[in-house]
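Every value quoted in this text rests on a predicted model; they were computed, and no experiment measured them. Reckoned from all heavy atoms, side chains included, excluding hydrogens, waters and symmetry mates.
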Amino acid sequence: MPRPRKCRNVSEDLVNYYYKPRGIKISELQQVVLKHDQLEALKLADAEEMTQEEACKLMNISRSTFSRLVNEARKLVAQALINGWAIKIEEGIFKKK
């Protein structure tokens with residue numbers, strides 16, 4: 001039986017829930033799903049250049065969980081950019097800071 005998911009902290013409401021290549025209908029695109037906590041981890045690690053220790057404390061998660069979230073997010077975003085896919089952002093279990 002898997003452990004229950006711990007509530008994660010995220011900093012803000014999302015402005016957009018979809019990103020896609022311009023000029024192509026969303027219905028014609030393949031998409032990847034990026035969870036809100038993966039996006040938050042990606043933002044803290046890459047855009048804000050925080051250390052894992054700082055980011056873990058902010059998100060209320062372990063280092064291994066943070067590392068997994070960042071790696072998954074980077075892979076999904078890279079796949080979408082390389083293949084011209086849409087990125088759908090889904091909310092999950094979290095608390096806004």
Side-chain angles (χ1 to χ4, degrees):
M1 178 183 216
R3 293 187 330 187
R5 288 193 75 187
K6 193 174 181 182
C7 185
R8 296 157 187 202
N9 296 333
V10 297
S11 62
E12 55 201 52
D13 288 328
L14 295 173
V15 176
N16 295 302
Y17 289 89
Y18 270 100
Y19 291 90
K20 67 174 199 69
R22 191 168 68 175
I24 303 171
K25 294 178 185 177
I26 194 81
S27 60
E28 297 174 2
L29 290 170
Q30 187 168 344
Q31 68 181 16
V32 295
V33 177
L34 186 67
K35 294 184 179 125
H36 197 160
D37 56 355
Q38 292 171 322
L39 179 62
E40 181 72 9
L42 187 64
K43 180 187 88 166
L44 296 175
D46 295 339
E48 297 185 11
E49 298 180 340
M50 285 189 181
T51 66
Q52 281 195 0
E53 187 175 318
E54 294 169 325
C56 294
K57 286 179 185 175
L58 278 176
M59 289 186 70
N60 191 34
I61 57 176
S62 68
R63 276 189 179 190
S64 59
T65 299
F66 181 80
S67 179
R68 180 180 50 79
L69 290 173
V70 169
N71 289 333
E72 290 170 351
R74 286 176 178 156
K75 182 177 179 180
L76 290 170
V77 171
Q79 285 176 331
L81 293 174
I82 290 164
N83 295 305
W85 296 343
I87 301 172
K88 178 183 179 184
I89 301 168
E90 287 186 348
E91 296 193 26
I93 301 169
F94 60 85
K95 174 174 63 175
K96 294 181 175 99
K97 296 187 266 182

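Residues passing the side chain to side chain contact (heavy atoms under 4.5 Å, CB included) test with R74 are L42, A45, D46, V70, N71, sequence neighbours excluded. With sequence neighbours left out, the salt bridge (charged side-chain N to carboxylate O under 4.0 Å, His left out) criterion links K20 to no other residue. A search for side chain to side chain contact (heavy atoms under 4.5 Å, CB included) contacts involving V32 returns L76, Q79, A80, W85, I87, not counting sequence neighbours. In terms of the side chain to side chain contact (heavy atoms under 4.5 Å, CB included) criterion, residue partners of E53 (sequence neighbours excluded) are, by chain and number, T51, K57, R63. Applying the side chain to side chain contact (heavy atoms under 4.5 Å, CB included) test to E28 and every residue at least two apart in sequence or in another chain returns I24, K25. With sequence neighbours left out, E72 forms a salt bridge (charged side-chain N to carboxylate O under 4.0 Å, His left out) with R68.
In this structure, N60 CG and D37 CG are separated by 12.0 Å, a value rounded to the nearest 0.5 Å. With rounding to the nearest 0.5 angstrom, the CD1 atom of I61 is 9.5 Å from the CD atom of Q52. Interatomic distance, Y18 OH to L29 CG, rounded to the nearest 0.5 Å: 10.0 Å. If you take NE2 on H36 and CG on L69, they are separated by 12.0 Å, rounding to the nearest 0.5 Å. Within the model, atoms CG of L34 and NZ of K88 stand 12.0 Å from one another, a figure rounded to the nearest 0.5 Å. Atom OH of residue Y19 and atom CG of residue L81 lie 12.0 Å apart, to the nearest 0.5 angstrom.
Grouping the Ile, Leu, Val, Met, Phe, Trp and Tyr side chains by contacts below 4.5 angstrom, directly or via other members, places V77 apart from V33.
Minimum heavy-atom separation, P21 to G84: CG-O, 3.3 Å.
Using a 4.5 Å heavy-atom cutoff, the side chains of L58 and M50 are in contact. Using a 4.5 Å cut-off on side-chain heavy atoms (C-beta onward), L44 and M59 make contact.
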